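Quick caveat: nothing in here was measured; it's all calculated off a predicted structure.
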Amino acid sequence: VKIYAKKFRYACAHAEKVIAISEQTKKDIIEFYKTPEEKVVVCYQSCNPAFKVQSTPEERKRVANKYKLPSRFFLYVGSIIERKNLRNICRAVLLLRDELEVPLVVIGEGGKYKRKVKDFITRHDLGNRIIFLSESEEARNDPELRLPSVLATIYQSAIAMIYPSFFEGFGAPVLEALGSRLPVITSNVSCLPEAGGDGAYYVNPSQAEEIAEAMRRIYTDKELAASMIEKGWQHALNFSAVKYAEN
């Protein structure tokens, strides 16, 4: 960490221009490295165009059968580390246990924090509600799962993406989900409102109750979900590869 901090500080001091991937990152660069504000410009990133291509019903069925996906599920994609906040999603699943029989599919890896999450799952008997897809026999060593087109198909098969991170540089999975026409539940802090625009459902990442309420509403309110999908898609169009290249 010290080596990277020194490298980044040196780079920000000597570069003619610093490109930040969000307004939040621009603020962080100014705050932590004391870089002059006029030297830092924001250039929002894009995501792989595969997420904006709607998969066919046949492809969804093939992928679902291959990885033994449930017919309906919420989705989490990302590293399983503390700031990504998977344990609070599990708390929300626990709160909804008697209302929604809908599992959470997790795609991602982790170490110490992942063990904490699994301890929580074991203590509360949530093993049948939280599916770690990356650990499954079907997916563990399957290179196809890393293909953007396959990941996009899984996104497009879910009810909603849940991404209540405490801190991000941008939050690429939010943009991938919006491009996939998938409702997104994400945090009202850091750069995530920039990534989600007016198409996401925002929650306090510290409050499992708010995450649970968002899951409940998106699952039961079809009009809300449809509205979020349309608004999210329109927002995702602002992050095209062409606009990224032009910027």
Can you list the steps and then say if V18 with V41 is a side-chain contact (heavy atoms from CB on, under 4.5 Å)?
CA-CA 6 Å; V18 180; V41 294; over 6 Å; no
Using side-chain heavy atoms (C-beta onward) and a distance below 4.5 Å, is L182 in contact with W233?
no
If we check side-chain contact (heavy atoms from CB on, under 4.5 Å) with C90, which of these qualifies: L95, N85, I211, I121?
I121
Which distance, rounded to the nearest 0.5 Å, do you find between the OH of Y163 and the CG of L192?
7.0 Å
Tell me, do P183 and I159 make a side-chain contact under 4.5 Å, heavy atoms counted?
no
CD (Q24) and OG (S190) are apart, to the nearest 0.5 Å, by 4.0 Å
N48 versus E176: any side-chain heavy-atom pair under 4.5 Å?
no
Assess the residue pair M215 and V93 against the criterion (side-chain contact (heavy atoms from CB on, under 4.5 Å)); give the C-alpha distance rounded to whole Å, side-chain angles, the decisive distance to 0.1 Å, and a yes or no.
CA-CA 9 Å; M215 294 167 69; V93 172; 4.1 Å; yes
Quick one: OG on S157 to CZ on R72, what's the gap to the nearest 0.5 Å?
11.5 Å
Does R97 come within less than 4.0 Å of D125, counting only side-chain N to carboxylate O?
no
Can we say E101 and R129 salt-bridge, meaning some charged N sits less than 4.0 Å from an Asp/Glu carboxylate O?
no
Does the pair K112 and E82 meet the rule for a salt bridge (Lys or Arg N to Asp or Glu O under 4.0 Å), with working shown?
CA-CA 9 Å; K112 186 177 179 181; E82 196 144 2; over 6 Å; no
Are the aromatic rings of F51 and Y155 close, with centres under 6.0 Å apart?
yes
Give the C-alpha distance, both sets of side-chain angles, the deciding distance and a yes or no for side-chain hydrogen bond (donor to acceptor under 3.5 Å, both in side chains) between Y44 and E194.
CA-CA 9 Å; Y44 288 116; E194 294 179 68; 2.5 Å; yes
Using a 6.0 Å distance limit plus a 45 degree cone around the ring axis, check whether K84 lies over the aromatic ring of F167.
no
Nearest-0.5 Å distance, OH of residue Y244 to CD of residue Q45:
6.5 Å
Is it true that L145 and L147 fall in one hydrophobic cluster, defined by side-chain heavy atoms closer than 4.5 Å?
yes
CD-OG distance between Q156 and S55, expressed to the nearest 0.5 angstrom:
4.0 Å
Do L94 and F120 have side-chain heavy atoms sitting under 4.5 Å apart?
yes
Do the side chains of Y67 and E144 get nearer than 4.5 Å, heavy atoms only?
yes
Would you please test Q207 and E213 for side-chain contact (heavy atoms from CB on, under 4.5 Å) and show each step?
CA-CA 10 Å; Q207 299 297 318; E213 175 60 19; over 6 Å; no
Interatomic distance, CD@E23 vs CG@D28, rounded to 0.5 Å, equals 11.5 Å
Give the intermediate values and the outcome of side-chain contact (heavy atoms from CB on, under 4.5 Å) for residues L178 and F239.
CA-CA 11 Å; L178 296 178; F239 298 86; over 6 Å; no
Can you see which heavy atom on A50 is nearest to which on A152, and at what distance?
O-CB, 3.7 Å
Would you sort out whether K66 and E138 count as a salt bridge (Lys or Arg N to Asp or Glu O under 4.0 Å), showing the intermediate values?
CA-CA 7 Å; K66 181 175 185 179; E138 297 76 23; over 6 Å; no
Pairwise side-chain contact, E58 with R62, heavy-atom cut-off 4.5 Å (strictly under):
no
Would you indicate whether the side-chain heavy atoms of P205 and N188 approach each other to under 4.5 Å?
yes
Is there a chain of hydrophobic side chains (I, L, V, M, F, W, Y, each step under 4.5 Å between heavy atoms) that links V184 to F73?
yes
Under a single-linkage definition using a 4.5 Å side-chain heavy-atom cutoff for Ile, Leu, Val, Met, Phe, Trp and Tyr, are F170 and F166 assigned to the same hydrophobic cluster?
no
Shared hydrophobic cluster, I81 / V189 (ILVMFWY, side-chain heavy atoms < 4.5 Å)
no
So do K114 and E135 actually touch side chain to side chain, heavy atoms under 4.5 Å?
yes
